[in-house]
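As the structure is a prediction and not an experimental result, all values here were calculated from the model. Every number for a ligand or one of its atoms is a count from 1 in the order of the listing.
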Amino acid sequence: MVIAVTLLVLAACSGGDYPNSTFLPTTDNNRDATDLWNRMMFWGTIVFVIVEAILLYTIIKYRRRPGGPEPEHVHGNTLMEITWTLAPALILVFIAVPTVRTIFRSQAAAPANAVQIEVIGHQWWWEFRYPEYGFTTANEIYMPHGRPVNFALRTADVLHSFWIPALAGKRDLISNRTNYLWFTPDSTGEAAFNGSCNEYCGASHANMKFRAFTVSAEDFDTWARHQAANAIFPPPVDTAAAPATVRPASNAIGMAQAVPAAQAAPTTVQAPTTPWQFPREKVPPHVLPQTPIPASVSIADAAIAAGDAQRGFTTYSRSACIGCHKIRGNPSSMGILGPDLTHVGSRFTIASGLFPNDAKHLAHWIKNARAMKPGSLMQTLGKGEHDPIMNITVQAGGLTDEQIADITAYLLSLK
Ligand code: HEC
Ligand SMILES: [Cu+2]
């Protein structure tokens, strides 16, 4: 008892900050939950103290003493029975009224000005759609600070659960059903948060994470407008500085042709948009993944550095990738099984928040996703790599390190 109590008391002294705590007053939703919790703790503590005091008093006062009298034998006591039935009933009413009120508030329809975000859980990653802006992204959510956000939660396969602990209570994603969760991040300012899946959903459940960013209304607008625009490849260059060069480009079906750079731009005219990402220097360390690369996957730094985005575009557009991934603006890439990669270069993480999004991790991921993330539905694609699910070694059609580096450079150029 002494050790346990001492440890408890010492634990309360740590004084650290808890960035993933659910008790931060960051949104209307978690303020409601915290108010309820505090109220329960307050009344619960009073009830506990009174009950324990009476209990201890009775134990000591009426304890057995040598030569003491035989206790009086009673058969029921109507007054006491009514009391100990009514008292807990009253306590339950005390608890139920604020609880039900909070439930009704959190279950109410979202305010009309809410940003709509559709969340679709997949084994083992998150799809985020912004229907009002017409784009789909993965594993990273941006929210305008101070405006309600309404999440419509669905799953493509098994049960998952959506939770950003520091922002709002979790809610399940249930097959054949849409659940809703809304809250207003009104006390966060510009900030980054961790989110995760909280319903066991298979091999990589623990690797099914995501990131959430609250940003100013203007920055959100800049971000959303750019995300809604198609990927432009090659990235726009300053034409005044670079003379129009003739470079090999490739059309949708992969036929190489020589065209001037100016003509290689997509045929659909779109207003130029500025890529915008949450300021990197403001991302706190606990939001950046630190997962080590498994020793069984390797690709030399020099090979990665030699990657060429233009060649990568051609290789990507002819590889298995296009059957599972979509890149708006690359008409050959229309797959829907995996994450939308239209602006993948503007994300901080890949593979559902498991790895940072840089050339090194991206290249290792493309080489052997299943060694990087157990159970991943993206198969092993590197030549000579072992696929732990199919239990085969990839040979024909496998990507060489050079091709992987090229694709990596292409994907990272898609800001
Ligand atoms: C069989 C379908 C399939 C194929 C083929 C495939 N992928 Fe994937 N890819 C996925 C799935 C599913 C995920 C999500 C995996 C996860 O996080 O668990 C994914 C994830 C990714 C990611 C991380 C995206 C993010 O936001 O986290 C990248 C990048 C990627 N794939 C690139 C490629 C490239 C490049 C190729 C071709 C060389 C390719 N993929 C081939 C299905 C596929
Ligand atoms: Cu899950």
Got a sec: is His205 within less than 2.8 Å of the Cu ion (ligand 2) via an N/O/S atom?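 For His205, the answer is no, given that no N, O or S atom comes within less than 2.8 Å of the Cu ion (ligand 2).
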
With a cut-off of 2.8 Å, does Ser161 place any N/O/S atom under that distance from the Cu ion (ligand 2)?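 So Ser161 does not count as coordinating the Cu ion (ligand 2).
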
CZ on Arg31 to CG on Asn29, rounded to 0.5 Å: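 Asn29 CG to Arg31 CZ: 10.0 Å, rounded to 0.5 Å.
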
[X] and ligand 1 - part of the residue with a heavy-atom distance under 4.0 Å:
X	value
Ser319	neither
Leu341	side chain
Leu354	neither

Which residue and atom name correspond to the protein heavy atom nearest atom 34 (C) of ligand 1, and how close is it?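 Going by distance alone, atom 34 (C) of ligand 1 is nearest to Cys321 SG, 3.4 Å.
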
Can you report which non-hydrogen protein atom sits closest to atom 17 (O) of ligand 1, along with the distance?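 For atom 17 (O) of ligand 1, the nearest protein heavy atom is Lys373 NZ, 2.9 Å.
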
Closest to the Cu ion (ligand 2), which N/O/S atom of His160 is it?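 Of the nitrogen, oxygen and sulfur atoms in His160, the Cu ion (ligand 2) lies nearest to ND1.
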
Only one of Thr188, Thr26, Asp219 passes side chain to side chain donor-acceptor pair (under 3.5 Å) with Thr214; say which it is.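 Running side chain to side chain donor-acceptor pair (under 3.5 Å) over Thr188, Thr26, Asp219 with Thr214 returns exactly one hit, Thr188.
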
Can a side-chain donor-acceptor contact be found between Ser333 and Asn330 if the only test is distance below 3.5 angstrom?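 Note: Asn330 and Ser333 side chains miss the donor-acceptor criterion.
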
Donor-acceptor pair between Asp32 and Thr34 side chains, under 3.5 angstrom: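 Distance-only check fails for Asp32 and Thr34.
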
Is [X] close to ligand 1, meaning an N/O of one under 3.5 Å from an N/O of the other?
X	value
Ala138	no
Gln123	no
Tyr316	no

Is the distance from atom 8 (Fe) of ligand 1 to the nearest N/O/S atom of His325 under 2.8 Å?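 His325 does place an N, O or S atom closer than 2.8 Å to atom 8 (Fe) of ligand 1.
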
Is a donor on one side and an acceptor on the other found under 3.5 Å between the side chain of Ser376 and the backbone of Met372?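 A pair under 3.5 Å: no.
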
Just so I know, are the side chains of Pro289 and Leu354 near enough to count as touching, which here means a heavy-atom distance under 4.5 Å?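 Heavy-atom side-chain distance check fails, nothing below 4.5 Å.
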
